[in-house]
Peer 1: 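Take a look at the following structure, please.
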Amino acid sequence: MTDRTERWTQATVYPDMWADPDDDPRNSKGTSPDGEFATLLDFLTNYRMTLRMKCEGLDPEQLARRSVPPSTMSLLGLVRHLAEVERDWRNWITDGDPLPKLYGTRDSDFHGAVADQAVVDASYADLEREQAATDAALAEHPDLGARVGKDEIAIRELLVHRIEEYARHCGHADLLRECVDGRVGQ
């Protein structure tokens, strides 16, 4: 007997994928976006959607489960972490005082990811709010080469860094989800 979770996928056409291509909401229909800004936003949108897909269908205990001890990382922790990171990116844009951390002290995003529906609901609300606020702040700077904030960081660099952050954490989410219930895929 083993305590290893059996691997499974929802896809039927390609059993090693998360969803069949015709059912995957990330598959864009038609032509690719025009321009650099639209392309970057398309990639960011798809990674955001991937994270939500990796969390979908799980209860609070499964979302908060730390699947790879001794790490404090969990799917819910990733949701909270990305909300915190979205807020922090706005701090890079401004010349003013930084916004306070959402969850308090360092690593509270992961430590506070507990198996409670109210925490789950609040975490998703935080992520959506922070994503929208950062999107709006960046939209005020249509020139991707513009340098902003105290460190004069380029808007392009912020957008690429956001994509990198989501992509990296979607990789973590793949492994975490497989440990929770065996679900695998793209």
Peer 1: So, does Lys150 use its side chain to make a donor-acceptor pair with the main chain of Ile93 at under 3.5 Å?
Peer 2: no
Peer 1: In plain terms, say whether Arg48 and Glu86 are close enough for a salt bridge, that is, a side-chain N and a carboxylate O under 4.0 Å apart.
Peer 2: yes
Peer 1: How many angstroms lie between CG in Leu127 and CG in Leu82, if you round to the nearest 0.5 Å?
Peer 2: 6.5 Å
Peer 1: Should we count CD of Gln117 as having more than 12 external heavy atoms under 6.0 Å?
Peer 2: yes
Peer 1: Tell me every residue that passes side chain to side chain donor-acceptor pair (under 3.5 Å) with Gln131, counting only those two or more places apart in sequence or in another chain.
Peer 2: Tyr166
Peer 1: Look at the side chain of Glu84 and the backbone N and O of Tyr103, then say whether any donor-acceptor pair between them is shorter than 3.5 Å.
Peer 2: yes
Peer 1: Checking side chain to side chain donor-acceptor pair (under 3.5 Å) for the pair His81/Glu165: CA distance, chi angles, key distance, verdict?
Peer 2: CA-CA 10 Å; His81 171 71; Glu165 185 84 11; 3.0 Å; yes
Peer 1: If every non-hydrogen atom of His141 is compared with every non-hydrogen atom of Ala137, which pair is closest and at what distance?
Peer 2: CD2-O, 3.2 Å
Peer 1: I'd like to check Lys101 versus Arg87 (side-chain heavy atoms, cut-off strictly below 4.5 Å). Are they in contact?
Peer 2: no
Peer 1: Can you tell me how the ring of Trp89 sits relative to the ring of Trp92, calling it parallel under 30°, perpendicular over 60° and tilted otherwise?
Peer 2: perpendicular
Peer 1: For Ala64 and Ala113, which heavy atoms make the closest approach, and how far apart are they?
Peer 2: CB-O, 3.4 Å
Peer 1: Would you say the side-chain atoms of Asp116 pair up with the backbone N or O of Ala118, donor to acceptor, closer than 3.5 Å?
Peer 2: yes
Peer 1: Check whether more than 12 heavy atoms from other residues, nucleotides or ligands sit under 6.0 Å from atom CG of Asp34, and answer yes or no.
Peer 2: no
Peer 1: Any idea which heavy atoms bring Asp95 and Gly149 closest together, and the distance?
Peer 2: OD1-C, 3.1 Å
Peer 1: Can a donor-acceptor pair be found, under 3.5 Å and without considering hydrogens, that links the side chain of Asp126 to the backbone of Ala83?
Peer 2: no
Peer 1: Is it true that Leu51 and Leu102 fall in one hydrophobic cluster, defined by side-chain heavy atoms closer than 4.5 Å?
Peer 2: no
Peer 1: Once rounded to the nearest 0.5 Å, what's the spacing between atom CG of Asp174 and atom NE2 of His169?
Peer 2: 13.0 Å
Peer 1: Roughly how far, to the nearest 0.5 Å, is the CG atom of Leu159 from the CD atom of Glu164?
Peer 2: 13.0 Å
Peer 1: Given side chains that start at C-beta, do those of Cys55 and Gln62 come closer than 4.5 Å, heavy atoms only?
Peer 2: no
Peer 1: Has the side chain of Arg177 got a donor or acceptor atom that lies under 3.5 Å from a matching backbone atom of Lys54?
Peer 2: yes
Peer 1: Does the pair Val160 and Leu40 meet the rule for a side chain to side chain contact (heavy atoms under 4.5 Å, CB included), with working shown?
Peer 2: CA-CA 7 Å; Val160 170; Leu40 292 171; 4.1 Å; yes
Peer 1: Taking side chain as C-beta onward, heavy atoms only, is Thr105 less than 4.5 Å from Ser108?
Peer 2: yes
Peer 1: Run Glu61 and Val114 through side chain to side chain contact (heavy atoms under 4.5 Å, CB included) and show every step you take.
Peer 2: CA-CA 8 Å; Glu61 186 281 322; Val114 296; over 6 Å; no
Peer 1: What distance do Leu176 atom CG and Leu63 atom CG have between them, rounded to the nearest 0.5 Å?
Peer 2: 10.5 Å
Peer 1: With side chain to side chain contact (heavy atoms under 4.5 Å, CB included) as the criterion, how do Arg162 and Leu138 come out once you've worked through the C-alpha distance, each side chain's angles and the decisive distance to 0.1 Å?
Peer 2: CA-CA 11 Å; Arg162 288 172 86 196; Leu138 287 172; 3.1 Å; yes
Peer 1: How close do Ser123 and Arg80 get, heavy atom to heavy atom, and via which atoms?
Peer 2: OG-CG, 3.1 Å
Peer 1: Is there a side-chain contact between Tyr124 and Arg52, using heavy atoms and a 4.5 Å cut-off?
Peer 2: yes
Peer 1: Distance-only check: which donor-acceptor pairs under 3.5 Å involve side-chain atoms of residues 70-79, not counting sequence neighbours?
Peer 2:
from	atom 1	to	atom 2	distance (Å)
Ser71	OG	Met73	N	3.0
Ser74	OG	Gly77	N	2.9

Peer 1: Once rounded to the nearest 0.5 Å, what's the spacing between atom CG of Asn46 and atom CE of Met53?
Peer 2: 10.0 Å
Peer 1: Please walk me through it: do Arg147 and Ile155 pass side chain to side chain contact (heavy atoms under 4.5 Å, CB included)?
Peer 2: CA-CA 6 Å; Arg147 296 195 167 272; Ile155 296 298; over 6 Å; no
Peer 1: For the atom pair CG (Asp135) and CG (Leu44), what is the distance rounded to the nearest 0.5 Å?
Peer 2: 6.5 Å
